[in-house]
Amino acid sequence: MKSIKIKFFAAICAIAIAFVGILSVISLSFYDNYYLWQREKSLTDVYIELCKANKMGDEQFINEIIYNEDTEGVRVSVISKSGTVIYDSTMNEQLTGIEKTGETLFYGLKIAQNAVNTADKQKIEATGMDFVNVYDKARAEEFLCLVGVLDNTGNYIIARIPFTYLEQNSSFNLLFLGVSGGLTLIICIILAFIIARHFTNPLIEIADVANAMAEMDFSKKYEGNLNDEIGRLGLSINRLSEHLEQTIAQLKSTNVRLEHEIKQKEKIDNMRQEFIVNVSHELKTPIALIQGYAEGLQEGIAESEEDRDYYCTTIVDEARRMNKMVMQLLSLSKLELGGENINVSEIDIDELINTSTSKARVLADAKNQDIQTISSGLVIYSDYGMIEQVVNNYLSNAIRYTPEGGKIIVSAYRQLDGVQISVFNEGEGLPESEIPKLWEKFYRTDKARSRELGGTGVGLSIVKATAEVLGGKCDARNVNNGIEFTFFLPDNKIKALPPANLSNDEK
């Protein structure tokens, strides 16, 4: 594909060449005729002036002849009707009716007489003059002659000019035309290059901007300042680029939002399917137990009062267990779906921990477990119910998996970028590969003892969902003689944390 600059340059050069060519053809074709017409007009003007001067006297007449000879290069002869030479420019003197002989006189006389003899007498009588061409064989020279009549004498006046002037002038004109035409063509080519670059560079720049737009690169802009159609085209390209960039950005944003919504929908669908599968699995056993013990009571299998009490207690325990699981699943679903409202209030961390541990001591005392708390003096602004649920789930989990007579330590402390609540319980640690799975719904490290321990496998999943809602994070790690669960809430998610509430170490 040829560049537009080359096409533009070639077009201007072609026009320049055509112009110079046409000018040359016209000049070569019509210059000689035009020059001849001009010389005839010049001879006519000389004839008219000589006629005027002749009326003013011989001296004025001779002066006018000499003037035209000097300025126009015209040679003049005056011949009477009888053929006597009265005056000839080649003699440089006035003749008074005396016919002289000699080469010079013969030369002028011969040309003049041939002109008179050749002229159309009727035309001279009608118009006063006639043009004839006279060829002198002796000198091999041709003359353009005007033959006219002087008004007051009837004598013939012959004004002549050699065709040599015409030929020389044609040669000079041809040479000048060649030189001037070549220079003109060179100048036109240079100007064509400049003009082509001036007009095509903005178009090339606009094309580069359009190509960049096609590659989704909207950083390039047309920077020209032309106040014409090309400039307006460049500005239109810039506006198009800006509008496309904005539109594509909006489309990307919309696509991201749609992608997020699709993922959210897929997540909800997966959660729904997972919820149905897990709940069905988890509820299958307690429902079977309730159904079995209820049928046993109905059929009178439990004959003693003690057996009937055992059957009823089992049914109540399993129903309570199912109710707890359903309530936890509902709470987890709200957190994961963003349906849980955050109610911000002032929270005294020590007071919250003491309240939760007081409720949990009944279960801990049954296993001779020791729950200890470490005062922090921290006050934060967050959702009290969510933070309390996190501590309760950690405590329930710790009591469930701490061996009888073991120790549980609940603490909170200030970090550089937030507040962390920690629950430590003695016991065996977990394989590192299982720690990330703790936060999955219905995951239990000891499936054989899960029913015996009373866990639902949902508590730690609620902690993780709460951390995501509050912008925090939860973690678990093996430490000496046990495992530690932490819940971290960064400063940017804690409103108006009083700077004075620091731990003793930071003070």
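Below, all heavy atoms of this structure are taken into account, side chains as well, without hydrogens, waters or symmetry copies.
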Please round to the nearest 0.5 Å and tell me the distance separating atom [atom1] of [X] and atom [atom2] of [Y].
X: E388; Y: I353; atom1: CD; atom2: CD1; value: 11.5 Å
X: Q415; Y: D491; atom1: CD; atom2: CG; value: 9.5 Å
X: L430; Y: K437; atom1: CG; atom2: NZ; value: 11.5 Å

Is the side chain of [X] donor-acceptor paired with the backbone N or O of [Y] at a distance under 3.5 Å, no angle test?
X: D350; Y: G377; value: yes
X: N343; Y: D383; value: no
X: S253; Y: A249; value: no
X: Q369; Y: I399; value: yes
X: R361; Y: I371; value: yes
X: S42; Y: Q38; value: no

(request) Could you tell me whether the side chains of T486 and D475 share a donor-acceptor contact shorter than 3.5 Å? (result)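 No, no side-chain donor-acceptor contact under 3.5 Å.
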
(request) Please examine the side chains of K359 and T355, heavy atoms only from C-beta on, and report whether any two atoms are closer than 4.5 Å. (result)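 SC-SC contact between T355 and K359 confirmed.
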
Using residues 402-412 as the side-chain source, report each donor-acceptor pair under 3.5 Å to any protein atom, sequence neighbours left out, with the distance given to one decimal.
unit_1 : atom_1 : unit_2 : atom_2 : d
T402   : OG1    : A398   : O      : 2.4
T402   : OG1    : N425   : ND2    : 3.4

(message) So which atom in R414 and which in D417 form the shortest heavy-atom distance, rounded to 0.1 Å?
(response) NH1-C, 4.2 Å

(message) Suppose we screen for ring-ring contact (aromatic ring centres under 6.0 Å, His included). Which residues come up paired with Y394, at least two apart in sequence or across chains?
(response) F485

Could you list the donor-acceptor pairs under 3.5 angstrom formed by side chains in residues 254-263, with sequence neighbours left out?
unit_1 : atom_1 : unit_2 : atom_2 : d
T254   : OG1    : Q250   : O      : 2.7
N255   : ND2    : L251   : O      : 3.2
E259   : OE2    : K263   : NZ     : 3.4

